[in-house]
Amino acid sequence: MAAPQPLTQELLARAHAPDSVNRIFGEKIQHRTLHLRRSSPPPSALNARNARRKARFEEKEKQKQKPRPLSSRQRRNLGLHDVPATGQSYDIYAGLNKLWVSYARELLGREIYTGGTGAAAKLASAELHGATAEVVRSRCAGRVGIQGIIVRDRKFVIEIITKNRGLKIVPKDGTTFKIQVPAPLEDNTAESEVSQVFAFEVHGDQLMLRSADRANRKFKQHFLKNL
C-alpha cells in the first residue's frame with residue numbers, strides 16, 4: 001500500500017491513534033473518487049448576463065443624454081420667475097385683470113352686493129393674480145398710493161404693475177391692500193355698465209402664504225392686535 005501523503009497523515013494523526021491512521025487512509029481516502037463540479041456558468045447564462053449588463057449600460061447612457069431639470073436655486077439665479085423689462089407694461093396685463101374680475105364675480109355670486117363673513121371667507125383664499133390692488137396703509141409712507149395689477153403673489157411680497165411707474169415690489173408685512181371688484185347691474189341688462197364697486201381690504205400680515213397654500217386653508221375669525 002502506498003504511503004500516505006505527509007499532509008493527510010498529519011491531519012489524521014491529530015484525531016486518531018497511530019495504528020488507525022493507515023487503516024482509515026486506505027479504506028476511506030486512498031481509493032475514494034472525488035467528484036468535481038463545474039464552477040463556470042454555461043454559455044447561455046453568460047449570454048444572458050452580458051445582455052442584462054448591456055441593457056443597464058444603455059439605460060445609463062440614455063439618462064445621461066436627458067437634460068436634468070433645474071433646481072429652485074438655478075431657476076432663481078437665471079431669473080426665470082422674474083418679470084422681464086419688456087413685459088413690465090400695464091397694458092399687457094389688462095386682459096388678465098378682466099379675467100380676474102370675471103373670476104371674482106363668479107366666486108362671490110350674490111354676496112358681491114351684500115358682503116359679510118361669507119364673502120370675506122371666500123376672498124381670504126381667493127387667487128389674487130390679476131386683481132387691481134392699492135396700498136392704503138404701510139409702515140413705509142412711500143409705498144402708500146401704489147396702485148396697479150398684481151402679477152406675482154409670492155410668500156412675503158406682492159409684485160404690482162403700475163400704469164406709469166413700472167413694476168413695484170411691496171412687502172406684505174405691515175401693509176394693507178385695497179382690492180376692488182366691479183359689481184355688475186343686478187338685472188344684467190348691460191355687462192359693461194357698473195352700478196357699484198365691491199371693495200375690501202386685505203392685511204398683508206395674514207397673507208404670508210403662497211397662493212396655492214392659501215387656497216386650501218380655512219381662515220377663522222380672530223382678534224388682530226395690530227389693528
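With sequence neighbours left out, the side-chain hydrogen bond (donor to acceptor under 3.5 Å, both in side chains) criterion links E111 to K122. The side-chain contact (heavy atoms from CB on, under 4.5 Å) search around Q63 returns E59, not counting sequence neighbours. With sequence neighbours excluded, the residues satisfying salt bridge (charged side-chain N to carboxylate O under 4.0 Å, His left out) with R14 are E10. The side-chain hydrogen bond (donor to acceptor under 3.5 Å, both in side chains) check on Q180 picks up nothing, with sequence neighbours excluded. Every residue was checked against the side-chain hydrogen bond (donor to acceptor under 3.5 Å, both in side chains) condition with S138, not counting sequence neighbours, and none meets it. By the salt bridge (charged side-chain N to carboxylate O under 4.0 Å, His left out) test, K168 is found to be paired with no residue, residues two or more places apart in sequence or in another chain being considered. For E127, there are no salt bridge (charged side-chain N to carboxylate O under 4.0 Å, His left out) partners, not counting sequence neighbours. With sequence neighbours left out, S102 forms a side-chain contact (heavy atoms from CB on, under 4.5 Å) with no residue at all.
Note: L11 CG to H16 NE2 = 10.5 Å, rounded to the nearest 0.5 Å. To the nearest 0.5 Å, the span separating CZ on F177 from CG on L128 amounts to 9.5 Å. Taken to the nearest 0.5 Å, the CG atom of N47 stands 12.0 Å off from the NZ atom of K54.
The two residues N97 and G130 make their nearest non-hydrogen contact at ND2-O, 2.9 Å. The minimum heavy-atom distance between A133 and I179, with the atom names listed, is CB-CG1, 4.1 Å. Shown here for M208 and D205, the closest heavy-atom pair between the two residues is CG-O, 3.5 Å. Residues A126 and L107 approach most closely at CB-CD2, 3.7 Å, considering heavy atoms. F198 approaches I112 most closely through the heavy-atom pair CD1-O, 3.3 Å.
Annotation: side chain of V135 is in contact with side chain of T175 (closest heavy-atom distance under 4.5 Å). E58 has its side chain out of reach of E61: every pair of non-hydrogen atoms, C-beta onward, lies at least 4.5 Å apart. Between V181 and W100 there is a side-chain heavy-atom pair separated by less than 4.5 Å. R137 places a side-chain heavy atom less than 4.5 Å from the side chain of E201.
Enclosure of atom CD in E106 is not indicated, since only 12 or fewer non-hydrogen atoms of other residues, nucleotides or ligands lie within 6.0 angstrom.
When hydrophobic residues (I, L, V, M, F, W, Y) are linked wherever their side-chain heavy atoms come within less than 4.5 Å, L99 remains an isolated member. Through chains of ILVMFWY side-chain contacts below 4.5 Å, L167 is grouped with V83, Y90, I92, Y93, L96, I149, V151, I161.
Within the structure, the side chain to side chain donor-acceptor pair (under 3.5 Å) test picks out the following pairs touching residues 75-87 (sequence neighbours left out): S72-R75. Sorted by first and then second residue, the side chain to side chain donor-acceptor pair (under 3.5 Å) pairs involving residues 141-162 (not counting sequence neighbours) are D153-K172, D153-R214, R154-E159.
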Tell me, with the steps shown, if V202 and T176 meet side-chain contact (heavy atoms from CB on, under 4.5 Å). CA-CA 6 Å; V202 180; T176 303; over 6 Å; no
I'd like to know whether R105 forms a side-chain contact (heavy atoms from CB on, under 4.5 Å) with V101, so could you lay out the CA-CA distance, the side-chain angles of the two residues, the decisive distance to 0.1 Å, and finally the verdict. CA-CA 6 Å; R105 289 175 178 177; V101 171; 3.6 Å; yes
List the steps and the verdict of salt bridge (charged side-chain N to carboxylate O under 4.0 Å, His left out) for R139 and D173. CA-CA 9 Å; R139 293 177 183 175; D173 187 18; 3.5 Å; yes
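One hydrophobic cluster, built from ILVMFWY side chains closer than 4.5 Å, cannot hold both V157 and V136; they sit in different ones.
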